[in-house]
Amino acid sequence: MTTNKKGVAEINKKNTLSLEQDTGKTKDRQLAEVVLSPININTVTATTYVKSSIGHEVSMTDAIGVMTEKVAEINNGNLKSLEATLTAQATSLDTIFNSLAMKSRGSDSMSKMESYLRLALKAQAQCIRSIEVLANIKNPPIVYAKQANIANGNQQVNNGTMATSTHAGKTINQPNELLEANNGSQTMDTSTAKSTKRKDKEMAAVEK
């Protein structure tokens, strides 16, 4: 807010965002949604830095409109603006790296040289990261997935027992049936075992 020559307060229209009242929401609710919107809050941050960089104030309404259009392009699958941002940032970071590297060469102490080189290498690492992200956007990596073959046939668990179907279609799920021997297919006799009585043998006299 500024004042004119007559001392009357005037509203800076560039920093004013006009909103239409939503009858289904209260003013406080609508104000909270505007303030906490990721587009709006990031636009405020961007315009603040733009003003300090170029010395010119940008219209808040126009800036939010531009930011909204950029987000809509990304949501629709158009990544041109994102690719342009990463390319420009990689170029800026490379410039910062070279600037700091040259300043380290002209340092009058080892501590200053180390500080400049440390910052230069950080800028270099961020530059490399921006290039890697840009390369992944242009050429997404291919992921190969392998399926593990756990068993030859289908397996099914019923009441704690496992049934395994073989290629011939035979199902082995009969643990309570009579066991059969492999040789001769003899069936195990499960009749009641006969009781045996112990026969005491007569003891012969032992001669002295």
Side-chain angles (χ1 to χ4, degrees), residues 1-4 9-106 113-150:
M1 180 179 294
T2 60
T3 57
N4 56 16
E10 293 180 346
I11 298 176
N12 190 345
K13 294 182 179 180
K14 289 186 177 181
N15 290 330
T16 303
L17 180 62
S18 300
L19 296 175
E20 295 181 0
Q21 178 64 35
D22 189 349
T23 56
K25 300 178 182 178
T26 62
K27 291 183 178 180
D28 292 338
R29 171 70 182 192
Q30 193 171 0
L31 180 60
E33 290 179 353
V34 171
V35 173
L36 298 178
S37 170
I39 294 178
N40 296 340
I41 193 64
N42 281 279
T43 302
V44 173
T45 304
T47 54
T48 302
Y49 275 90
V50 166
K51 181 179 179 180
S52 61
S53 300
I54 65 177
H56 182 71
E57 193 171 8
V58 181
S59 171
M60 185 62 63
T61 302
D62 293 338
I64 291 178
V66 172
M67 190 74 76
T68 303
E69 291 176 359
K70 289 181 176 293
V71 173
E73 289 179 356
I74 300 299
N75 291 336
N76 293 329
N78 187 356
L79 304 179
K80 289 184 178 181
S81 61
L82 185 59
E83 294 173 358
T85 300
L86 290 171
T87 303
Q89 286 182 353
T91 304
S92 299
L93 289 167
D94 183 57
T95 304
I96 295 172
F97 163 76
N98 285 280
S99 176
L100 292 171
M102 287 186 289
K103 284 185 177 181
S104 67
R105 180 65 181 84
M113 179 181 291
E114 290 179 353
S115 298
Y116 282 129
L117 285 176
R118 188 179 302 109
L119 293 174
L121 293 176
K122 286 184 178 180
Q124 183 191 50
Q126 293 299 321
C127 178
I128 295 173
R129 178 57 181 162
S130 299
I131 295 173
E132 289 177 348
V133 174
L134 181 60
N136 288 333
I137 292 176
K138 299 294 291 184
N139 299 305
I142 300 175
V143 179
Y144 295 95
K146 293 183 178 180
Q147 183 178 0
N149 188 10
I150 299 175

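FYI, the numbering just counts along the sequence from 1. Everything quoted here is computed from the prediction, not taken from an experiment.
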Item to check | Minimum side-chain heavy-atom gap L100-L117 below 4.5 Å | outcome: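 Sidechains of L117 and L100: no contact.
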Checklist entry - K51 versus V58: any side-chain heavy-atom pair under 4.5 Å? => result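 No; the side chains remain at least 4.5 Å from each other.
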For the atom pair [atom1] ([X]) and [atom2] ([Y]), what is the distance rounded to the nearest 0.5 Å?
X	Y	atom1	atom2	value
I41	I39	CD1	CD1	12.5 Å
N136	I131	CG	CD1	12.0 Å
T91	I96	OG1	CD1	11.0 Å
K103	M113	NZ	CE	14.5 Å
N76	N78	CG	CG	8.0 Å

Item to check | salt bridge (charged side-chain N to carboxylate O under 4.0 Å, His left out) contacts touching residues 62-74 (sequence neighbours left out) | outcome: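 Matches after skipping sequence neighbours: none remain.
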Item to check | Results of side chain to side chain donor-acceptor pair (under 3.5 Å) for E33 - residues two or more places apart only | outcome: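 E33 satisfies side chain to side chain donor-acceptor pair (under 3.5 Å) with K25, R29 once adjacent residues are dropped.
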Checklist entry - Given the rule in the salt bridge (Lys or Arg N to Asp or Glu O under 4.0 Å) test, do E83 and K80 qualify, once you have shown the distances and angles that lead to the verdict? => result CA-CA 5 Å; E83 294 173 358; K80 289 184 178 181; over 6 Å; no
What pair of heavy atoms forms the shortest contact from [X] to [Y], and how long is it?
X	Y	result
L93	C127	CD1-N, 3.5 Å
M60	T47	CE-OG1, 3.7 Å
L86	S130	O-CB, 4.2 Å
I64	T68	O-OG1, 2.7 Å
F97	Q124	CD1-CB, 3.7 Å
D94	N98	O-ND2, 2.7 Å

Checklist entry - Donor-acceptor pair, S37 side chain versus V34 backbone, under 3.5 Å? => result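 Here the side-chain-to-backbone pair does not exist.
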Item to check | Check: Y49 main-chain N/O paired with S53 side-chain donor or acceptor under 3.5 Å | outcome: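 Such a contact is found between S53 side chain and Y49 backbone.
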